[in-house]
Protein chains: 2
Amino acid sequence: MFIKNLPHKTVERLSQYRRALLMILSKEKTHVFSHEIAQMLHITPVQVRRDLMLIGYSGNLRKGYDIKELIELIGKIIDSDRGQRVAVVGLGNLGKAIISYFKGKRSKLAIIAAFDINPEKINRVYDGVACYHISQMTEIIKQNNISIGIISVPSEQAPEIAETMVLAGIKGLLNFTPKPLNVPPFVYLEEYDMITSLEKVAFFAKKNDERFK
Amino acid sequence: MFIKNLPHKTVERLSQYRRALLMILSKEKTHVFSHEIAQMLHITPVQVRRDLMLIGYSGNLRKGYDIKELIELIGKIIDSDRGQRVAVVGLGNLGKAIISYFKGKRSKLAIIAAFDINPEKINRVYDGVACYHISQMTEIIKQNNISIGIISVPSEQAPEIAETMVLAGIKGLLNFTPKPLNVPPFVYLEEYDMITSLEKVAFFAKKNDERFK
DNA sequence: GTGGGTTTGTCATTTTTGACACAAACCCTT
DNA sequence: AAGGGTTTGTGTCAAAAATGACAAACCCAC
């Protein structure tokens, strides 16, 4: 299903809505109000309703939104029909953390390979994901039609890894290193920077502290 | 140093500028142009200049910006004068990854304690950070004046940890679990969600792919 | 049924963020 | 010393995102 020009931020929130909904689905509830979703994500109910409007979902006026239906609709919009395959490069602490985060999550995104250069890790399986040597990367990406790459290697190696993956045909990259990367325009790149997040928290924590003092 | 109402996004970028500048500082260069910074972060030169204007820094018209000066100025603005202390709760793969990310980074942010419940980890030191049992958390946070908390425990435990930390006097929280948290308004909370990032990459990678096909 | 209390859907507005355009400053070359 | 090529600094505009406001739909209680 396609909706033209879905705003960037809305895509992010849809993903968050879905995970929040999956969490409350286990309970006996079948419906949820916009203000309940809003409260979980610290946003306003209007924002939730507007996002849902954009994807064309209508709630029940008195009962709210059908949780199951909504989860499925969000899936139809943000997931790819045939699923997308993901590879993690760099099986240090971070790489392992990412893999275990995904474990058990039913999703159209499947991590199906990991790469490293440490001989002790090669040919072993971590949380259901097989680890190969980086030299096999191009081959395995092509064979398995992997379209998404996660980079969690030491930062010096990031540019080289990125280039190899792009040449192998990857379509999207998530970069966990602080090293800025350059990729062609047909590859979507997201820089995910823990340090910046932490510094931001520190800045606003400090500011908040002064304000409430 | 205080600048009133520095935009949210500018704060994020300042942190990124600083890290990009630190990377090129090692080389022989002493000055940098706005378009060079822009290229590294995939933004426009105007944006860089605008941000620097907001913090009142003037570059040299012909040589660009003095790297060293700029790094220091950014520090004066986003860092706290006396530094801020950070604790990591949950010393699994993710917790360890965070700590090693920080190792060697000179910064006003210092991770000075970790907490876990696994007896094997208690009273050991990881990358220079001592690990304590969670039951000691309140005590140690207060004693050491820790103001920032990073939550990297399994998601079910996140709300309880957050509450304890808030009561212990924490001022900012960075939450790596998908569990939405609730904190009082005087605590700054940032949710850092790996899954959402990955789903976003997947969505736009898919979209890009269709566009360029 | 009829009125009151909720909640949705959406238009209109504000706020935030980013981009354009261009003058002024500057150095280098000649 | 004069002209050309860069780069900065900033007023202005455009786009994106968030918010406010409110009518319409609906259920429940009575």
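Each chain gets a letter, A, B and so on, in the order the sequences are listed, and its residues count up from 1. Just so we're clear, the structure is a prediction, and the values are computed from it rather than from any experiment.
At a threshold of 4.0 Å, the pair E156(A)-K179(A) does not count as salt-bridged, since none of the basic side-chain nitrogens sits closer than that to a carboxylate oxygen. A salt bridge links D79(B) with R18(B): at least one charged nitrogen is closer than 4.0 Å to a carboxylate oxygen.
Rounded to whole Å, the distance from OH on Y65(B) to P on dT6(D) is 18 Å. As rounded to whole Å, 16 Å separates atom P of dA18(D) from atom NE2 of H42(A). The distance between atom CD of E36(A) and atom P of dT6(C), rounded to the nearest whole Å, is 14 Å. At whole-Å resolution of the value, CZ in R50(A) and P in dG20(D) are 13 Å apart. D51(B) places its CG atom 14 Å from the C1' atom of dT8(D), with the value rounded to the nearest Å. Rounded to a whole Å, the CG atom of L6(B) is 19 Å from the P atom of dT15(C). Atom CZ of F33(A) is separated from atom C1' of dA25(D) by 14 Å (rounded to the nearest Å). Whole-Å rounding puts the I43(B) CD1 to dG18(C) P distance at 8 Å.
Comparing dT8(D), dT7(C), dA17(D) against the side chain of S34(B) picks out dT8(D) as the nearest. Here dT10(D) is the nucleotide among dT19(D), dT7(D), dT10(D) with the atom lying nearest to any side-chain atom of M53(B). Listed nucleotides dT10(D), dT8(C), dT17(C) differ in distance to K9(B); the shortest reach to its side chain belongs to dT17(C). The side chain of Q47(A) has dT19(D) as its nearest neighbour among dT19(D), dT8(D), dA17(D). Nearest to the side-chain atoms of R62(B) among the listed nucleotides dT8(C), dC26(C), dG9(D) stands dC26(C).
Along DNA chain C, the nucleotide nearest S58(A) and the nucleotide nearest T44(B) are compared for position; the residue whose nucleotide lies closer to the 5' end is S58(A). Nucleotides of DNA chain D nearest to R49(A) and T10(A) differ in position, and the one nearer the 5' end is that of T10(A). Heavy-atom nearest nucleotides on DNA chain D were determined for V46(B) and for H35(B), and the one closer to the 5' end corresponds to H35(B).
Side-chain contact annotation: T196(B) with S15(A), donor-acceptor N/O pair under 3.5 Å present.
The residue P45(B) sits apart from the nucleic acid: no heavy atom pair falls under 4.0 Å.
Ring planes of F204(A) and Y188(B): parallel class, angle under 30° (limits at 30 and 60°).
The two residues V153(B) and T177(B) come nearest to each other via the heavy atoms O-CG2, 3.2 Å.
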